[in-house]
Each structure stands twice: as structure tokens, then as C-alpha cells.
Amino acid sequence: MNARLEVDLDAFAANLAVVRERVAPAHHMLVVKDDAYGHGLVPVIRRARNEGVRWFGAFDVRTGCAVRAELGSDVRVFAWILASRDEIAAAVDAELDLGIGDAGLLEDVAAVAGSREAARPVRVHVKVDTGLHRNGVRPEEWPQFAARTAALARRGAIEVAGLWSHISEASDADDDAARAGFESAIRIFRAAGVTAPVRHLAASAAAFARPEFRYDLVRIGAFAYGIRSAGGASAARLRIRPIATLRAPVVSVGVDGARIALGAFDGLPSTLAGRILVGTPGGPRALREIAHTDSLVAGWPGASVGQSVAVFGAAPVAPHSATGVAETIHTIGEEIATRLSPLVERVYVGE
Ligand SMILES: *Cc1c(COP(=O)(O)O)cnc(C)c1O
């Protein structure tokens, strides 16, 4: 008897429909980093493709190549973390769209593209830094970078497919400042003859709340999986719901409660002990202790070995969503979802 994460792909499809309706006419890039936020990459991307998703945000090249191998050539796959020349070569061969925010990397990509005799120019999305100071071309370098991309594009090595940035979504004021920066980047690149057809800036929160942030494409992960923002709008208001429920079987029952087969080694933060309720056959009960490989739940009448306890996920079975759990220890739902051990089996409904 083991814990498992039950992923409801029909609920996922419903969330995708809500995302699409919300952001139209912008397109939705489904972000699938960290094994599709812990839900399992392949079933998620297959269903998304069947639901009409045509852009996938992979983060790293390995994930990007896995998406390409699974879905074939009629989708766009975006990767923005390139660690080595080998990875660049793999990404070029898999015809990934590449996010580039560094002058040296741009030269490496152009050089690899020239040496691979790819069927088409490598599609590059220039990442501009609009205040987050993660990777991204700094504002003082925009004119020079724009001129260089224009030259490489004329030579046929690359095609500038996109211009993008990432924003904090922590405050409207910061996001407004970032968007002003993005607008000036668009102007500077255009003046250099680079008109990137796909401009993208927003992730889940800004894409839902702020139409002017949508541009041509939005990169949404969390809300598609039904993971709302910690401290943000409710799932009901967003019209999304969690697509995964973590269930653990009862392995023993004693006077102090019921032990379930899920512990800190499975990725459950031990600081959750005493802070959350879990869904038992007798109703919500306190999660009292978290040990290495099991946890103790307050008892209920008729508790018996083999019964299932919902640790977090979709209501009404689980009292808390991943984000609800996260809020009790001041973190975010994505962290709860992605730290669940890959050894916990994922099972799919609606596959
Ligand atoms: C993770 C990520 C996203 C998706 O963010 P969500 O809040 O999960 O929608 C978008 N863009 C980038 C660059 C990311 O790393």
C-alpha cells in the first residue's frame, strides 16, 4: 500500500478551457517545467495537445526534447535554460524555440545553427530584463543586442520569433514598471528592424487579472494545474480547480490516531505537522505528526487499515488545496506540488 497522486485530466481540460477563454485572443503556452509541476509530463502534455494547446514552455532543453519526442512537429516548444554547447545542439536538432537573454549565448546559438545545417533558422525569443535581474538582456545593451540579432537574422542563422520578459507578479506597481520597460524594448528592437511576432510577458496571475499584460502569448503553468497564487484570488473566483489529489493509505491504527504511508521523505514538509487538516473517511482530521516515511492523523470512528486519506488536493475530498497547505507554512502551492517525490506513483483519471 503506497501513497499516490491522482491526477484528473478532465479537470485539467476544464482549466485549460478557462485559461483559453480568459486570455483570448492571446495564445496559451502551457508551462511544463518540473515534470509538469509534479503531475507527470507525458500524460499532461498529451491531453493538453488534444485540448488544442500548441505552445509548451519547457524551461530546460531535456524537457523540451521530451515534449518534442512525444508530440511531434506540430507544436511549438520553448526552452529558456541552455547550459552547454551540447544542449544547444540538442535544442537546435529538436527545433525548439529558444529563449536567449545573453550575448555570448546568442553567438553560440548562431554558431551551432550554422554548423548543423538545420532545415530552418533557429527560432530565438530575446529575453529582456525588465527589473527581475534574472537572466535577460540589460536595458543598456538593448540597442546593440537588437542590431546583432538583426544581422544574424539577415544571415539566415536565426529567426527572431519572440521578445519576452518575466515579471514578479508580486505588486501591480512593479509589474507596471516592468511593462513600461518591455514596451521600450519593443520600440528599440523595432527601430533596429527586429519585429518579433510573438511578444510574451505574463504568467498565471497577470495573465488572468491584467489584460494589457497578455500581448500575443501568455506563459501559464500554475493556474492550468489548478494551483492558485498564495494569498491571491480564490480558485472559485478564477474558475479553476486543483487537478491532483494526494492520497495515502492507512497502515496502522492506534489509540493516538491513524498512521498513513506518507512522510517527509516523500516530500511532505515536516513543518506541516499540527497545521493542516486532511480528508479522512470520518471527515477532516488534524495531521498531527510527520515522520520520515509515515504520518499520524487524528483518529475517527471506524478507522481501519487500507482506508484512504486525502492529504491535499481537490475539494470536497481534501480540506486543503496545495496552495492552502502552502499558506500555513508561508510558501507557495507550486512548492508543495513539485517537491512530492517522483517515487510517489502518479495515476490518471480521464487518460
Ligand atoms: C514558471 C514560469 C512561468 C509560469 O508561471 P505560473 O505562475 O506557474 O503560471 C512563466 N514564465 C516563466 C519564465 C517561468 O519560469
Side-chain angles (χ1 to χ4, degrees), residues 12 15-16 18-20 22-23 26-39 41 44-45 48 53 55-64 67 76-83 96-102 105 124-137 162-172 174-175 178-179 181-182 185 198-210 213-233 235 238-240 242-244 321-323 326 331-339:
F12 177 52
N15 288 346
L16 291 175
V18 169
V19 168
R20 178 180 309 140
R22 185 79 171 221
V23 306
H27 292 278
H28 171 209
M29 173 190 288
L30 177 66
V31 178
V32 296
K33 65 188 174 204
D34 289 324
D35 200 29
Y37 290 48
H39 296 83
L41 181 71
V44 160
I45 61 174
V53 174
W55 282 93
F56 292 85
F59 190 80
D60 56 298
V61 170
R62 206 161 68 105
T63 303
V67 175
R76 300 281 286 271
V77 185
F78 181 54
W80 60 95
I81 300 295
L82 296 151
L96 306 187
D97 282 56
L98 302 181
I100 306 287
D102 175 274
L105 190 57
V124 165
H125 298 232
V126 175
K127 181 172 188 190
V128 290
D129 182 2
T130 51
L132 264 194
H133 310 308
R134 289 199 211 153
N135 51 30
V137 184
L163 190 69
W164 70 294
S165 189
H166 195 44
I167 58 176
S168 71
E169 300 188 335
S171 88
D172 280 1
D174 287 353
D175 290 350
R179 199 173 80 85
F182 191 56
V198 185
R199 298 158 302 164
H200 44 116
L201 187 59
S204 290
F208 264 54
R210 312 196 63 196
F213 281 68
R214 291 177 193 146
Y215 293 93
D216 308 296
L217 182 68
V218 297
R219 304 180 307 269
I220 291 183
F223 287 7
Y225 306 108
I227 301 173
R228 65 178 170 82
S229 308
L238 298 166
R239 298 199 296 120
I240 56 172
I243 69 166
S321 66
T323 302
T331 182
I332 56 176
E334 292 88 324
E335 186 178 339
I336 300 296
T338 58
R339 66 179 282 160

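When a ligand or atom number is given, it counts from 1 through the structure's own listing order.
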*In Å, rounded to the nearest 0.5 Å, how long is the span from CZ of Phe182 to CZ of Arg199?*
7.5 Å
_Give me the residue, atom name and distance of the protein heavy atom closest to atom 11 (N) of ligand 1._
Arg219 NE, 2.9 Å
Using a strict 4.0 Å cut-off to heavy atoms of [X], name the atoms of ligand 1 that fall inside it.
X      : result
Ile220 : 9 (O)
Trp164 : 13 (C)
Ala203 : 4 (C), 5 (O), 6 (P), 7 (O), 9 (O), 10 (C)
Trp80  : 12 (C), 13 (C), 14 (C), 15 (O)
Ser204 : 6 (P), 7 (O), 9 (O)

*Has His125 got more than 12 heavy atoms of other residues, nucleotides or ligands less than 6.0 Å from its NE2?*
yes
*Are there more than 12 heavy atoms of other residues, nucleotides or ligands under 6.0 Å from atom CZ of Arg210?*
yes
*Any side-chain heavy atom of Trp164 sitting closer than 4.5 Å to one from Val128?*
no
*Could a heavy atom of Tyr37 be found less than 4.0 Å from some atom of ligand 1?*
yes
*Please verify whether a non-hydrogen atom of Phe59 lies at under 4.0 Å from ligand 1.*
no
*Are any side-chain N or O atoms of Asp175 and backbone N or O atoms of Glu169, one a donor and one an acceptor, separated by less than 3.5 Å?*
yes
*Any donor and acceptor pair, going by atom type alone, linking the side chain of Ser204 with main-chain N or O of Phe223 inside 3.5 Å?*
yes
_Best match, Lys33, Glu169, Met29, His166: closest heavy atom to atom 15 (O) of ligand 1_ = Lys33
_Can you confirm whether or not the ring centre of Phe78 sits under 6.0 Å from the ring centre of Phe59?_
no
